[in-house]
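Worth saying up front: this structure is predicted, and the values here are computed from it rather than measured. Each chain gets a letter, A, B and so on, in the order the sequences are listed, and its residues count up from 1. Because only heavy atoms are used, hydrogens play no part in the values below, and waters and symmetry mates are left out as well, while side chains stay in.
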Number of protein chains: 4
Amino acid sequence: MTDTSVAAGQLRSLIERIERLEEEKKAIADDIKDVYGEAKANGFDTKVLRQVVRIRKQDQAERQEQEALLDLYLGALGGAAASAPDDGV
Amino acid sequence: MTDTSVAAGQLRSLIERIERLEEEKKAIADDIKDVYGEAKANGFDTKVLRQVVRIRKQDQAERQEQEALLDLYLGALGGAAASAPDDGV
Amino acid sequence: MTDTSVAAGQLRSLIERIERLEEEKKAIADDIKDVYGEAKANGFDTKVLRQVVRIRKQDQAERQEQEALLDLYLGALGGAAASAPDDGV
Amino acid sequence: MTDTSVAAGQLRSLIERIERLEEEKKAIADDIKDVYGEAKANGFDTKVLRQVVRIRKQDQAERQEQEALLDLYLGALGGAAASAPDDGV
DNA sequence: CACTGGAAAATGCCGC
DNA sequence: GCGGCATTTTCCAGTG
C-alpha cells in the first residue's frame, strides 16, 4: 500500500474521531442549555446564574493555584518537615 | 420550610448540575485537543485538518438550512397563498 | 505638552471616530430593516427572505473557505512535503 | 407578464438591495476593527476602550430618555408655560 | 409581553 | 506576546 493511501486512511480516521467528539461536546452543551432553561422556568435569572458559575470557576482556579504554590513550597523544603520558610543561611 | 430555603436548594442543585456538565464538556474538549496533537505527531498539518473539519461542518449546516427553507416554502404554500405575493391588481 | 494630554487627545479622536462609524453602521442596519419592511408590505414572507439571504451568505462563505483550504494545501506541498506525511518507516 | 415573474423580479431586487447594504455594513464594521487595531498599536487597551464606548452609548440613551420624559411633561402642561408641576388646584 | 431564535459583541484560547 | 479563531454571552427583533 502506498504512503499516500495510508495517510488517507489515517486522515479519515482522525477526522471521524474529531467529529464524533465534537458531536458529544455539542450534546453536552445542549444539556447545559436545557438546565438553564429549566432554571428560568423556575424563576431564576439565567444571567445572574451564569455569573455565579463563572465566579465559582474563578475561585476554584485560584484555590488550585494556591495549592500548587503550597506544593512548591513543601517540595522546596525537601520533603522533610516544616512550614516556616528557610532563609538560606 | 421557607420559600427561600427551597429556592436555595433548587439553586444549589442547578449549579451543581451545570458544573458537572461543564466538567464533562471540558474533558471532551481536551480529548479533541489530544487527537489534534496525535495528528500533528503523525505529520499532519493541524491547520489544514481544522479547516477540513470546519468545511464539513458548514456543509452539514447548509444542508439543514436548505431543508428549513424548503419547510418554509411548503408552509407558506399550505398556509394560504403567501410567499409568492399577488401584486394587488 | 505633556504625554498624558497628548494621549488624551489621541483617545478623544479614536473614540470619536469609532462613534461616528457606529452611527453609520446603525443607519445601514436601519436601512436593511426598512427593506424587509417594504418586502413585507409587498406580501413577501420575511422569514423566507431572511433564510434565503442567510443561505446565500453561507454559500459565499463556503466558497471562500474552500479557496483558503486550497491555499493551505498548496502551501503545504510547496513548503516541504508536509500535509501528506510519510509514515516514518 | 405573469404575477409570479413580477414577484420573482421584485424578490431579486429586494435580495440585491439587502445584500448590498449588508456588504456596506460589513465594510464599516471592518473599519471599526481597524480603528481599534490602530488604538492598540498606539498603546491603548482595547478592552477598556470598548468599555468607554459602551458607557458613553448608555449615557446617551439615558439622556435621550430624560429628554423624552421632559417633553412628555411639557406636553402634559398643555403647550403653555411652566416647569413647576401643577398640583391640580 | 414574554419567549425564541438569530445577529453582534466580547472574551478566552491556541498556535506561532 | 500577539494575532487570529472559536466560543460564549449579550442584545434585539420578530412571533404567538
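One can place CD1 of C:Ile32 at 16 Å from C1' of F:dG14, the figure rounded to the nearest angstrom. Here the P atom of nucleotide F:dT9 and the CD1 atom of B:Ile18 are 10 Å apart, to the nearest Å. Taking atom CG on D:Asn42 and atom P on F:dC2, their separation rounds to 14 Å, with Å as the unit. Between the CG atom of C:Leu49 and the C1' atom of E:dG6 there is a distance of 16 Å, rounded to whole Å. Between D:Ile55 atom CD1 and E:dA10 atom P the separation is 12 Å, expressed in whole Å. The interatomic distance linking C:Leu69 (CG) with F:dC5 (P) rounds to 14 Å, in whole Å. Look at NZ on D:Lys57: it is 16 Å from P on F:dT10, rounded to the nearest Å. D:Asp30 has its CG atom 14 Å from the C1' atom of E:dA9, to the nearest Å.
Using a 4.0 Å heavy-atom criterion, one finds that A:Lys26 contacts no nucleic acid atom at all. Nucleic acid contact class of A:Lys47 (heavy atoms, under 4.0 Å, all strands): sugar-phosphate only. Looking at heavy-atom distances under 4.0 Å, D:Lys33 makes no contact with the nucleic acid at all.
Using a cutoff of 4.0 Å between basic side-chain nitrogens and carboxylate oxygens, B:Lys57 and A:Glu19 are not scored as salt-bridged. Electrostatic pairing of B:Glu24 and B:Arg20 counts as a salt bridge here, judged by a charged N lying under 4.0 Å from a carboxylate O.
One finds no side-chain N or O of C:Arg50 lying less than 4.0 angstrom from the OP1 or OP2 phosphate oxygen of E:dA7. Between D:Lys25 and E:dA7, a side-chain N or O to OP1/OP2 separation shorter than 4.0 Å is absent.
With hydrogens and angles disregarded, no donor-acceptor distance shorter than 3.5 Å links the side chain of C:Thr46 to the backbone of C:Leu49.
Between C:Glu65 and the choices B:Arg56, B:Arg50, B:Arg54, the salt bridge (charged side-chain N to carboxylate O under 4.0 Å, His left out) rule is met once, by B:Arg54.
You'll find the side chain of D:Glu38 stays beyond 4.5 Å of the side chain of D:Phe44, heavy atoms only.
Taking the nucleotide of DNA chain E with the nearest heavy atom to each of A:Gln58 and C:Gln51, the more 5' of the two is matched to C:Gln51. Checking B:Tyr36 against A:Lys40, the closest nucleotide of DNA chain E that is more toward the 5' end is the one next to A:Lys40.
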